[in-house]
A.B. asks: 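I'd like to ask you about the structure that follows.
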Amino acid sequence: MGRFLALFNGAADEVGKAELSEQQQSEFLEAWASWAQANEKALVDPGAPLNAKKLVTVQGVEDFTDAMIGYAVVEAGSHDEAVEIFSGHPHLGLHAGNSIAVLECPAPPG
């Protein structure tokens, strides 16, 4: 089994986020919970939102913004299996342009 990091990318701007009704938000959270329950055996870390962001370089530290809004970690038999786990995730249908990057996290050598 391999580990895979999923990075949730959000396409909505602040106006788009604000346009979601309470019912839409509630339905989305219910769909997310159902997805998590259906995939509970694969979920190593169900993840969390990604908020305050700092970029650290040899030149110093600075705030930054990007489209990454959340993460999750799963274990799967292959990269394709990990991708399949996220292919039906409710995040993809919440806003046009939302996406999920699925990255392999191999064990450290040794």
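Residue indices begin at 1 and follow the sequence shown.
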A.B. asks: For the backbone of Ala72 and the side chain of Asp45, can you confirm whether one donor and one acceptor N or O come within less than 3.5 Å of each other?
C.D. replies: no

A.B. asks: In the structure I gave you, are the side-chain heavy atoms of Ile100 and Leu92 within less than 4.5 Å of one another anywhere?
C.D. replies: yes

A.B. asks: In sequence, state the C-alpha distance, the side-chain angles, and the governing distance for Leu7 and Val102, and then conclude on side chain to side chain contact (heavy atoms under 4.5 Å, CB included).
C.D. replies: CA-CA 7 Å; Leu7 295 172; Val102 181; over 6 Å; no

A.B. asks: Decide yes or no for Lys53 and Asp66: does some side-chain heavy atom of the first lie under 4.5 Å from some side-chain heavy atom of the second?
C.D. replies: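 A side-chain contact under 4.5 Å exists here.
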
A.B. asks: Test your reading of the model: is there a side-chain donor-acceptor pair from Asp63 to the backbone of Lys54, 3.5 Å cut-off?
C.D. replies: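 It does not hold such a pair.
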
A.B. asks: Once salt bridge (charged side-chain N to carboxylate O under 4.0 Å, His left out) is applied, what residue pairs with a partner in residues 16-34 remain, sequence neighbours excluded?
C.D. replies: Glu14-Lys17

A.B. asks: His91 versus Ile69: any side-chain heavy-atom pair under 4.5 Å?
C.D. replies: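 Yes, their side chains come closer than 4.5 Å.
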
A.B. asks: Backbone N or O of Glu84 within a donor-acceptor pair of the Ser87 side chain at under 3.5 Å?
C.D. replies: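 The answer is yes, because a donor-acceptor pair under 3.5 Å joins these two groups.
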
A.B. asks: Identify whether Phe28 and Leu50 are in the same connected component of the hydrophobic contact network (ILVMFWY, side-chain heavy atoms under 4.5 Å).
C.D. replies: no

A.B. asks: Give a yes or no on whether Phe8 and Leu103 share a hydrophobic cluster (residues Ile, Leu, Val, Met, Phe, Trp, Tyr; joining criterion: side-chain heavy atoms under 4.5 Å apart).
C.D. replies: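 No, Phe8 and Leu103 fall in different hydrophobic clusters.
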
A.B. asks: Test your reading of the model: is there a side-chain donor-acceptor pair from His95 to the backbone of Asp13, 3.5 Å cut-off?
C.D. replies: no

A.B. asks: Of all heavy-atom pairs between Ala11 and Asn98, which one has the smallest distance, and what is that distance?
C.D. replies: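 So the minimum-distance heavy-atom pair works out to N-OD1, 2.8 Å.
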
A.B. asks: Is Trp32 reachable from Met68 through a run of hydrophobic residues whose side-chain heavy atoms are each under 4.5 Å from the next?
C.D. replies: no

A.B. asks: Applying the side chain to side chain contact (heavy atoms under 4.5 Å, CB included) test to Gln59, which of Val56, Thr57, Leu55, Val61 qualifies?
C.D. replies: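 Filter result, single survivor: Thr57.
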
A.B. asks: Could you walk me through whether Glu75 and Leu43 pass the side chain to side chain contact (heavy atoms under 4.5 Å, CB included) test, one step at a time?
C.D. replies: CA-CA 7 Å; Glu75 282 188 342; Leu43 279 172; over 6 Å; no

A.B. asks: Mark yes or no for whether Trp35, through its side chain, and Ile85, through its backbone, hold a donor-acceptor pair below 3.5 Å.
C.D. replies: yes

A.B. asks: With under 30° as parallel and over 60° as perpendicular, where do the rings of Phe4 and His79 fit, or are they tilted in between?
C.D. replies: parallel

A.B. asks: Nearest 0.5 Å, please: how far is OG in Ser26 from CG in Leu20?
C.D. replies: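 These two atoms lie 12.0 Å from each other.
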
A.B. asks: Checking the side chain of Glu40 only, and the main-chain atoms of Ala36 only, is there a donor and an acceptor separated by less than 3.5 Å?
C.D. replies: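 The answer is no, because no donor-acceptor pair under 3.5 Å joins these two groups.
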
A.B. asks: Please report the interatomic distance OG(Ser78) to CE(Met1), rounded to the nearest 0.5 Å.
C.D. replies: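 Nearest 0.5 Å value for the OG-CE distance: 9.5 Å.
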
